[in-house]
Amino acid sequence: MAAVYTAPVQALIDELGRLPGIGLKSAQRIAFHLLKLPAADVHRLSAAINDAKARVRFCQRCFNVADGEWCPICLDERRDTRVLCVVEESRDIVALERTGEFRGRYHVLLGAMSPLEGIGPEDLKMKELFARLEPEGVTEVILCTNPNTEGEVTALYIARMLRPFGIRVTRIASGLPVGGDLEYADELTLGRALEGRREFATDPAAP
Amino acid sequence: MRRPLYRDRGVVLRTYRLGEADRIVVVLTEQRGKVRAVANGVRKTGSRFGARLEPGSHVQVLMAEGRGLDTISQVEVIDSVAHLVDDLDHLTSALAMLEAADQLTLEGEPNAPLYRMLVGALRTVSQRGGPLVVPAFFWKVLAAEGIRPELDVCVRCGADAPLVAFDMDHGGALCRACRSGAPLGADALGLMRDILDGRLNQALAAPASAATHEVAGHAARAMEHHIERRLRTVAMFERL
């Protein structure tokens, strides 16, 4: 097919079209939107991309994204060093931080084990995880991998590897999303929600 | 145009991420063989599919035919993955069988016997597990495909002598004079005969031992020999 657009525009469309979830039509729309914007806005965008690419790297300790050697969470001295939360991606840290429920540190595996795709423990930051436990005095590891097959394999594998350490290993609970209907819940989720039910204190004064 | 809907039973073999929140689900169905279908929104926490489309799940599905991929419309669980995902050994056994089943089938070619064997084997894993479920599944499937190893006499010379080696290139066990391939212990040979000669339950009850390990090795090699590629799940968990 002959290129319809002039070369710089076509190059821009081609680059945009390589981004995840952006097809040819979306790429065209974004390209023409960018061409219409004031030059300052476009420069801000390109500077943000360059800056992020140049400065962002992985935290040396937990493999979260960081702009220095360590990420802000590892640098924060008020964090509880005894509890370590293991997640698949940096994005999961943001989701967990938004809950405000966790004050410990994290460890990012940079993926999950996927036997069917040939992604094994050696492709993830597993060795680094095991090496952290003793020096940091970790007493509990919370396995916060996704509740799907890959995440479960990863969590079960880590749990087995941690057995000799004698550390408390917990798995994030699965249950019903707040705002959902029971009748639409699948059997596994509903079963786990029942299994992990909690005592409901009828008298608020009772312990 | 409304696309035709159809109903079938099947086992989810594997899934691929698609776009932001969708998945492509590969299902081994009873009537239509292997089907690839899109499950829209399945990765969102509020999805009504939830855990029903995880690998190993045995489901009743309502699907809409598409030009390329079908679309999953409704799912009901027949056998849930609950007891597969709560134990590392159960899960790795299940994944090994799913991988083999995926490799053995082509899209659009019905293979009801394989579907039934897979459902049975997954149930066995969920209910009691055991070291020989996966090897037994491999041998049974290979036998159904027409590849049944010779275990009674030497496959090369036909002698009724003690069999001491096993070589899939020749198609069975070999006597001392003809031996090639891997060594074969008497206990392992007995277990393989149990699996293939109708004493499956007896074999499945065998506790883990050097012999079950040996049978597992022969079964994995034979399966890999047949599908002409390595089984990733087996390679990853062999050393656990």
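Below, chain A is the first sequence line, B the second, and so on; all start at residue 1.
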Checklist outcome for this item: Nearest heavy-atom contact between V85(B) and L188(A) is CG2-CD2, 4.4 Å
Next on the checklist: For L231(B), which atoms come within 4.5 Å of any heavy atom of chain A: side chain, backbone, both, or neither?
Outcome noted: neither
Item to check | Options R171(A), E187(A), E152(A), M113(A), ranked by heavy-atom pairs under 4.5 Å with chain B, top entry | outcome: E187(A)
Item to check | Contact origin within D86(B) toward chain A - heavy atom pairs under 4.5 Å | outcome: backbone
Item to check | Distance in Å, E117(A) CD paired with E99(B) CD, rounded so as to fall on 0.5 Å steps | outcome: 11.0 Å
Checklist outcome for this item: Okay, L190(A) and chain B: the region with an atom under 4.5 Å from a heavy atom over there is neither
Next on the checklist: How long is the straight-line distance from CG of L88(B) back to CD1 of I158(A), given to the nearest 0.5 Å?
Outcome noted: 11.0 Å
Checklist entry - If you measure from CG on D89(B) to CG on L156(A), what distance do you get to the nearest 0.5 Å? => result 9.5 Å
Checklist entry - Is it the backbone or the side chain of L91(B) that comes under 4.5 Å from a heavy atom of chain A, or both, or neither? => result side chain
Next on the checklist: As an exercise, state the distance from CZ of R43(B) to CG of N146(A), rounded to the nearest 0.5 Å.
Outcome noted: 9.0 Å
Checklist outcome for this item: What one should report as the nearest heavy-atom pair of D186(A) and R52(B) is CA-NH2, 3.3 Å
Checklist entry - Picking from N148(A), T189(A), L176(A), which has the most non-hydrogen pairs under 4.5 angstrom with chain B? => result N148(A)
